[in-house]
Protein chains: 2
Amino acid sequence: MYKERAERRIHIQPLPLRTVPAASSPGLQVCREEMSDVGRDNAPRSRPVMSHVGRSATPSNNNNDEENPVPDFQYFGLTPRSPPSLQGFLEVWGVEVHARPDDVNKAQHHTQFYDCNNLVVRRGQPFQITVTISRPYKAQTDKLWVELLIGRYPSAVKGTYIPIYLQDELVKGRWGAKVISAQGNTLGLSVLSPADCIVGRFRMYVAIMTSHGIRRTSRDKATDIYFIFNPWCKEDAVYLSDDDQRQEYVMNDVGCIYYGTSTDVTSRSWIYGQFERNVLNACIHVLDRARMPLQSRGCPINVCRVASAMINSKDDAGVLVGCWDGKYIDGVAPTAWNSSVEILLLYYKNRQPVCFGQCWVFAAVLNTVLRCLGLPTRVVTNFSSAHDNDANLHTDIILDQDGKKMLELTKDSIWNYHCWNECWMLRADLPPRYGGWQVVDATPQETSEGMYRCGPASVIAVKEGQVCFPYDAPFVYAEVNSDVVYWTQQNDGSLVKGEVKTDEIGTLILTKQVGSDMRMNITDLYKYPEGSREERSSLETAVHFGVVKPEAPKDLPKDVSVKVQVDENIMVGSNFTLALEFNNHSNESRSAEVQIYGYVMFYTGVPKVQVTDENIEVEMEPNEVQQAQVVIKSKDYEDKLVEQLTLQFLITATVPETDQRLVIEKKVTLQIPKLRISVEGEVAYGREVSVVVQFTNPLTKTLEHLVLRVDGLDFTRPDLMLFSHLPENETLRANFSVVLRRHGRWKIIGSLDCPALRQVGGELELHVQ
Amino acid sequence: MYKERAERRIHIQPLPLRTVPAASSPGLQVCREEMSDVGRDNAPRSRPVMSHVGRSATPSNNNNDEENPVPDFQYFGLTPRSPPSLQGFLEVWGVEVHARPDDVNKAQHHTQFYDCNNLVVRRGQPFQITVTISRPYKAQTDKLWVELLIGRYPSAVKGTYIPIYLQDELVKGRWGAKVISAQGNTLGLSVLSPADCIVGRFRMYVAIMTSHGIRRTSRDKATDIYFIFNPWCKEDAVYLSDDDQRQEYVMNDVGCIYYGTSTDVTSRSWIYGQFERNVLNACIHVLDRARMPLQSRGCPINVCRVASAMINSKDDAGVLVGCWDGKYIDGVAPTAWNSSVEILLLYYKNRQPVCFGQCWVFAAVLNTVLRCLGLPTRVVTNFSSAHDNDANLHTDIILDQDGKKMLELTKDSIWNYHCWNECWMLRADLPPRYGGWQVVDATPQETSEGMYRCGPASVIAVKEGQVCFPYDAPFVYAEVNSDVVYWTQQNDGSLVKGEVKTDEIGTLILTKQVGSDMRMNITDLYKYPEGSREERSSLETAVHFGVVKPEAPKDLPKDVSVKVQVDENIMVGSNFTLALEFNNHSNESRSAEVQIYGYVMFYTGVPKVQVTDENIEVEMEPNEVQQAQVVIKSKDYEDKLVEQLTLQFLITATVPETDQRLVIEKKVTLQIPKLRISVEGEVAYGREVSVVVQFTNPLTKTLEHLVLRVDGLDFTRPDLMLFSHLPENETLRANFSVVLRRHGRWKIIGSLDCPALRQVGGELELHVQ
C-alpha cells in the first residue's frame with residue numbers, strides 16, 4: 001500500500017488501474033463507502049457519504065431522522081430590505097395536537113397505549129387539532145393550511161411534503177382538513193389522511209398566506225405526528241375485519257412462542273412490548289438503517305420485506321446477530337432473552353447489531369416491529385422444518401453400511417422447529433386471491449442465494465403450490481412439505497436410495513390463539529390433508545414450477561415395522577428408556593439386526609456428538625410382535641448437552657431374510673426445572689408486592705456465571721442479576737419489590753442463563769384488579 | 001471501548017449486554033464476521049471465519065477453489081499395519097483428458113477458443129478420456145471407475161461427488177462412462193454428463209476396487225475438467241436452436257454497445273474476451289465470492305441472478321464500483337474501458353472491487369461472465385429509460401411558475417439510455433410460456449429495496465404486463481413503459497398537473513444483429529405497438545398487479561403545438577441552433593411566451609448546471625406556423641461539460657389566450673472527434689504491422705493527464721500510454737507494432753481519457769487472411 005501511495009506523488013498522471021484498497025488502509029473513503037453498505041453505519045460519523053452527484057438531483061430521502069429547515073417566512077420573489085407589514089393577516093399563536101392518551105385522538109385511533117408524548121394516529125382516519133390564532137377566523141378571506149413534511153427534500157409527488165388545505169367536506173382517500181369548530185380565537189380542525197400514506201414521523205406546520213409570502217409556525221417537535229398502518233380502516237391494505245383478531249395481532253404486547261418437538265410442544269411467553277417508550281422510534285430507526293426511501297414506506301409489502309432483511313444483521317448491520325454455536329462468547333445466549341424491548345432499545349441506543357439471536361428471537365423482534373407499525377402480525381412455529389435446502393422437496397440423510405449417519409455427507413438438516421411471522425395484508429402485486437396471511441421470515445438462511453430476507457409469501461399460494469409468485473414462496477413450500485430420503489453409501493462410493501418418508505416435515509404448525517394463551521393448530525392453512533386430491537394437485541403445481549420432488553424406490557420389502565416410544569417429561573439428569581416394538585407382518589419368521597445411535601443435537605437438527613451406540617438382535621415368529629428396551633443413562637449425555645437439551649436417536653434395523661432396511665429417528669427433549677416465580681403481598685392496582693424468583697440446580701455439578709433476567713411491562717425491576725455460582729442441589733433465591741401499575745393480566749417472565757445450562761425459564765401471570 | 005474491556009477482566013460474570021463493537025475496534029472478530037459479508041473478503045486472510053457449528057454438520061460447499069484431500073488408498077475397515085498385497089489388481093499409470101484445442105474434445109464441445117490448458121466441456125454431451133493401465137482391461141473382473149469432485153465435503157446427493165461407473169450404454173440425463181476402445185494397456189472411455197449438472201471446475205480421479213479397499217490416482221490438476229452450460233444440447237435449459245445465434249450470443253467475443261439518444265444512436269465496440277486466459281477462472285471466482293453453494297450452480301436462473309448481484313460492488317464486494325460523479329478520483333473513468341477482460345482480471349488478481357463502472361460497463365462485464373459460462377447472452381440498450389422509480393409508471397418533472405425545472409423537487413430522472421443484458425433460458429419456475437430471453441441487470445438501482453441485483457425477468461412477461469412473476473419484472477416494465485408527468489408548483493406549495501407524455505420512455509430498444517455490427521431494433525419484444533389493443537390489455541394487466549399509472553388531467557387546451565429541431569452531428573466546441581416551430585391549429589390568433597432553459601446533463605438525466613436562459617415571444621395568426629431560432633454558443637457550455645457531452649433543453653411555452661402550457665424536452669449529444677487508428681504494413685496472418693493511434697485536441701484549451709488505452713484480442717500491446725498534456729489543436733500520435741495472430745475479423749479498440757474530455761474512442765477493423 002505504501003509503495004502505491006508513494007508512486008502517486010511522483011507521477012503526474014492518474015494511476016488508472018487502482019482498485020479499492022483493503023479495509024485497513026486509510027484514505028480513499030469514497031470507494032470503500034460504495035463497496036459496503038455495512039461500512040457506512042458502523043463507521044465513525046465523520047466518514048464522507050458516497051456522492052449522489054450525477055446519479056440524482058438530490059440525495060435520496062431515506063431517513064426519517066433527517067430534515068431540511070423550512071423558512072418561517074417564505075417570500076414571493078425577492079426578500080425585501082425591511083420586513084413587510086402583515087397587518088390584517090392571521091397570526092398563529094399555538095397549535096395543539098391533543099396527544100394525551102385521555103384526549104380525543106389516541107383512543108379513537110387505538111394508540112392510547114403508545115408510551116409516546118407525541119400524537120400517534122392511524123392512517124385513513126380523521127384526527128383533531130386545535131389552532132389558536134390572533135383573531136377570529138374569516139373563512140372567506142383568510143387562507144390557512146396545515147403542512148406535513150417527512151425527511152429531506154420533501155416533495156409533494158412523493159408524498160413527503162403534504163400541504164393540507166381547508167375544505168368543506170373531507171374526501172376519503174385524500175389528504176384534507178375541515179373546520180369543525182371556530183370559537184373566538186380558536187379553530188378546531190379535523191384532518192384526514194389517505195389510507196395509503198407513508199408510515200413514519202411527520203413534522204407539522206401551520207401556514208398562512210399573506211400578500212408578501214407564506215408565514216409558517218416554527219419547528220416544534222411537540223407537534224410531530226406519527227402515522228401508522230390502520231387495520232381498522234377498510235381502505236387500508238392491512239384492514240382486518242375481526243375486532244378480536246385486531247386486539248390479538250395488533251394490540252397484544254405479550255404473547256406465546258411454541259418450541260420443542262411436535263410430540264412435545266413447549267411454550268414460552270414473550271414480551272413484544274410494541275407500546276413501550278422509544279420502541280416506535282426504534283422501529284422507524286430500523287427502516288432508516290435499511291435506508292428505505294420514505295416514499296415507499298406506505299406499502300406494507302415493502303415494509304415487511306425490508307423489516308425481514310433488517311432484523312438479522314447479515315448484509316446490512318441489522319438488529320440481531322445469528323449464532324448457533326452454543327458458546328455465545330461476548331453476547332447474550334438466544335435462550336436468555338424474554339423481551340423484544342431490550343433488544344430493540346439496545347440496537348437503537350448503540351446503533352450496532354445485538355448478539356445473539358436464533359429463529360424465535362428473530363421472529364419475536366420482527367413481531368414487535370410490525371405490530372408497532374400497525375401491521376397485524378403473529379409468530380408461528382413450524383415443527384420439523386426443512387431448512388437451508390434451496391427450495392427442493394428433499395432432505396437427504398446419508399447412512400453408512402452400519403446404519404450410522406455420515407455426518408460429513410449429511411448436509412441437510414431438519415430443524416426441530418422453526419419460527420417465522422405471518423403478516424395480514426392485501427397483495428396488490430398478485431392475483432386477487434393471494435391476500436391474507438403472508439409468511440415473513442427474518443432468520444438468515446444458508447441457501448443458494450443466501451437469503452437474508454424472506455417473504456412476504458402468500459400462505460394460500462403455498463398451500464396451493466402456486467410457488468411462482470414473489471417473494472420466496474418455493475422456500476416456504478419446501479420448509480413445510482419436504483420428504484426425508486435415506487441413502488446408504490456403498491463401498492465404492494455409490495448411494496443406494498432407501499426409504500422416503502413423506503410425513504416427517506411440517507408435521508405441525510402452531511400459533512397462539514386469539515384472546516388466550518392456548519395454541520391454535522394452523523397446519524391446514526399451509527397444507528391440504530395428507531393423501532387428499534387437493535394435496536396431490538398442489539404438489540403437482542409446485543413441481544410444475546420447478547420444485548424437485550424425490551421419487552421413492554419401488555419394491556422395497558416392507559413386512560417388518562418398528563415403533564419407538566420414550567417416557568414423557570423426562571427431567572434432565574435422569575435415566576430413561578427407549579422402548580422398541582418390532583412387528584412382523586409376514587407369515588414367515590423374521591429377524592432384525594438393530595443399531596441404536598444416540599446424538600446430542602442442536603435444535604437445528606445438527607448432531608453435536610454421539611452418546612449412544614447399542615446393538616440388539618431380535619427374532620420374530622410369523623406375525624409376532626417383539627419388544628426391546630434400551631436404557632439411556634444420565635451420565636452418558638449430561639456433560640455433553642447443548643441448550644434446548646435435545647437428544648436424537650437413530651434406529652436402523654436390517655432384516656436379513658428380505659434385505660429390508662428400516663430407519664427411524666426419534667427426538668427427545670429433556671425437561672429442565674422451571675424458574676419458580678411467585679409474588680408476596682396483596683395483588684391490587686397501585687400496591688407494592690414482593691416478587692420472588694427461585695431455582696434449584698438439577699445437575700450433579702456446580703453451575704457458574706449465572707445471569708438472571710426478569711422482564712415484564714409497566715413495572716420497575718432490576719434488569720439483570722448476576723450470580724457467581726450455584727452448587728449442586730442448592731436453591732438460588734432472588735427477590736425484589738414492584739408496584740403494580742397495570743390493570744388486568746400482568747406477566748413476569750424470567751430466564752436464568754449459564755454456560756452449563758441454558759433455557760431455564762419461568763413466568764408468573766397475575767390479574768390485577 | 002477500553003473501559004468495557006477492562007470491566008471484563010474484573011468481573012467474573014459475562015457481560016451479557018455487549019453489542020457488536022464499532023468497526024475500528026480490534027477483537028470480537030466473530031461478531032464482526034457475522035455482521036458483514038463484505039468483511040470476510042476484504043479482510044486479511046487471518047481473520048477467523050464465522051463458525052458453522054450448531055447450524056450445519058459441515059461448512060457450506062460454496063467455493064470452487066477449496067477442496068478436501070482424497071485418500072490415494074481408502075481401506076475398507078481399519079488400516080492394516082503393513083501394506084496389503086494388491087497383486088492381480090489393476091494399476092492406473094496415466095490419465096489423458098485430450099485437452100488440446102486440436103484434440104478430439106474441445107472442437108466437439110465448441111470450447112476450442114478457451115485459452116485454458118485444462119479440458120473445458122459442455123454438459124449433457126460425451127467427451128473422451130484415455131486411461132493407461134498396468135495390463136489389459138478385463139471387463140468381467142476389473143472394477144474401474146471415474147470420480148469427479150467439486151469443492152469441500154463433496155456429496156453424491158448434492159452432485160458435488162460423482163462416481164461414474166462403466167456401463168454398456170450411456171443414458172441421456174445421467175452420468176455414465178463406457179469403454180470405446182481397449183487396446184493393450186490403454187482404455188478409451190466416453191464420459192457423459194447430465195444436462196443439468198453443476199457448472200464449474202471438477203477434480204478427476206480414476207478409482208479401482210481391490211479386495212482391501214479403493215485405490216485412486218493422485219491429485220493431478222492437469223486432469224481437472226471445467227463443465228459449462230451447453231446451448232447446443234436440447235436437454236439443457238439454455239438450449240438455443242439456431243446456430244447463427246449460438247455463434248453470436250455464446251461464441252462471439254467482440255461486440256457493439258449502443259448509447260447516445262434514441263434520435264442520435266452511437267455505437268462502441270467492446271472486447272468481451274470470454275475465452276481469454278484466466279477469464280473462465282475469474283468468472284468462477286465471481287460466483288465463489290458470492291459464496292454461491294456449488295450445488296445450485298447448475299441452474300441458469302440462479303447463476304445469472306447471483307452474477308447480476310456480483311458484478312456491482314454493492315453489498316457483496318463485487319466486481320465493479322458504480323460512480324456517476326464525473327470525477328472518478330483514484331479510478332478509471334467508466335468511459336475509458338474498452339474490454340471486460342481487463343476488469344475481470346484485475347478483480348481476480350486483486351480480489352477487490354475495481355473502480356469505476358456505469359451501466360454499459362456493468363452490462364458488458366456481465367455479458368462476458370455469462371457467455372464464458374456458456375449462457376447465451378446479449379447486451380441491450382433501452383433509450384430514455386425510467387430509473388430508480390420503484391416500479392411505478394410515472395416520472396415526475398416539477399416546474400416552477402416560470403417553467404424552470406425545480407431541481408430539488410425533481411427526484412426522478414430519465415436516463416438517456418440504460419444498458420442491461422438478456423439471457424436465453426427456460427424458466428422452469430414460471431408457467432411454460434415465459435421462457436426465452438430474460439432481462440438481467442447488474443447496475444445498482446436506488447429504489448425502495450435498493451436493488452443491487454435484478455432479474456432474470458421474462459421479456460414476454462414484461463411485454464404482456466404479467467409483472468407478478470419473479471424476478472423484478474415490475475421494475476423492468478416501468479423502465480420501458482413509464483409516462484412523464486409535468487407538474488407546476490404554485491405559490492402555496494400545491495402542485496398542478498400539466499401534460500402527461502406517454503411516448504417518451506423506452507422509445508427504442510436495440511441490440512447488435514446476429515453476425516454483423518448493424519443494430520437490431522427489439523422494441524417489439526418488450527412492447528406492443530403504441531395504441532394497439534394488446535398494449536392496452538398489457539397495461540391493464542400490469543396496473544392490476546399494482547403498477548401505478550398516472551392519470552392525465554382532462555380538458556387541457558391543445559390548440560398550439562411546438563416542435564424543436566437541432567442540427568445533426570454537432571461537434572463539441574461549435575455553436576449550434578435550436579430551431580423552434582410553433583403551430584397554431586385554432587381559428588383564432590394565439591401568442592406564446594416561451595422560456596428556453598439549457599442544462600449540461602449527465603447521461604442519467606440529472607442536470608449538472610444551467611447554461612442557457614432565453615425568453616422569446618411569438619405571435620400567431622389563425623392556423624399560422626411561426627418559426628424561431630436560438631443560437632447556443634460554444635463558450636457558454638464548453639467549460640461545463642461532463643462526459644458523454646449531453647445538453648438538455650427544456651422549452652416551456654404559455655399561451656395566454658387559453659392558459660395552455662406546453663413543455664418540450666430536447667436532448668443534444670455533441671460529437672467528439674474520434675481516435676484515429678490505422679495500420680501500416682501488410683495485413684496477413686503472422687505478419688508484424690505497425691498500429692498508429694492519432695488524436696487532435698478539439699477544445700480551445702490544453703488537455704492534461706491523458707491516458708490512452710488500447711484493447712484487442714490475440715496480440716501483445718502496451719496496456720496504457722500516459723501523456724502529460726496536449727495543447728490546443730495539436731495532434732497526439734502513438735504507435736506500436738503487433739504480430740497478427742488471429743484469422744478473420746480483427747478489431748483494435750482505443751480510448752483516450754482525460755479529466756477535461758472523456759469518451760474519446762476509436763476502433764479499427766481488419767480482416768486477416
Side-chain angles (χ1 to χ4, degrees), chain A residues 12-13 16 18-20 23 28 31 34-36 38 42-43 51 53-55 57-58 60 153 155-157 163 293 296 302 313 315 317 321 324-326 330-332 350 352-355 390 396 407-410 428-430 446 448 468 470 493-495 545-546 602 604 606 705 707 722 724, chain B residues 12-14 16 18-20 23 28 31 34-36 38 42 51 53-55 57-58 60 153 155-157 163 293 296 302 313 315 317 321 324-326 330-332 350 352-355 390 396 407-410 428-430 446 448 468 470 493-495 545-546 602 604 606 705 707 722 724:
Chain A
I12 298 175
Q13 290 84 359
R18 291 290 293 278
T19 56
V20 172
L28 305 179
C31 304
E34 178 74 359
M35 274 170 53
S36 156
V38 177
N42 288 329
S51 160
V53 171
R55 182 64 197 256
T58 56
S60 59
Y153 302 101
S155 149
V157 286
S296 56
N302 284 346
S313 67
D315 277 351
V321 178
W324 282 260
D325 70 3
D330 286 309
V332 178
N350 296 335
Q352 282 164 3
V354 177
C355 298
D390 268 314
D396 298 297
L407 299 187
E408 289 204 349
L409 294 180
T410 301
D429 56 334
L430 301 186
E446 304 289 342
S448 68
C468 58
S494 61
L495 293 182
F545 290 123
F602 294 94
T604 55
V606 174
H705 307 319
V707 181
L722 311 180
S724 61
Chain B
I12 299 174
Q13 291 83 359
R18 292 289 294 277
T19 56
V20 173
L28 305 179
C31 303
E34 177 74 359
M35 274 169 54
S36 157
V38 177
N42 288 330
S51 161
V53 172
R55 182 64 196 257
T58 55
S60 59
Y153 302 101
S155 150
V157 286
S296 56
N302 284 345
S313 67
D315 276 350
V321 178
W324 282 260
D325 70 3
D330 286 310
V332 179
N350 296 335
Q352 281 164 4
V354 177
C355 298
D390 269 313
D396 298 297
L407 299 186
E408 289 204 350
L409 295 179
T410 301
D429 56 333
L430 302 185
E446 305 287 344
S448 69
C468 59
S494 61
L495 294 182
F545 291 123
F602 294 94
T604 56
V606 174
H705 308 318
V707 181
L722 310 181
S724 62

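Below, chain A is the first sequence line, B the second, and so on; all start at residue 1.
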Structural part of B/Pro470 lying under 4.5 Å from a heavy atom of chain A: both

Interface moiety of B/Leu495 toward chain A, non-hydrogen atoms closer than 4.5 Å: side chain

Which bit of A/Asp429 comes within less than 4.5 Å of chain B, counting heavy atoms only: side chain, backbone, both or neither? both

Tell me, side chain or backbone of A/Phe602 under 4.5 Å from chain B's heavy atoms, or both, or neither? side chain

Out of A/Gly54, A/Ala156, A/Gly493, which one racks up the most heavy-atom pairs below 4.5 Å with chain B? A/Gly54

If we define contacts as heavy-atom pairs under 4.5 Å, which of B/Thr410, B/Thr604, B/Leu407 has the most with chain A? B/Thr604

A/Ser494 versus chain B, heavy atoms under 4.5 Å apart: side chain, backbone, both or neither? both

Just verifying a value: how many Å separate B/Leu409 CG and A/Tyr153 OH, rounded to the nearest 0.5 Å? 10.5 Å

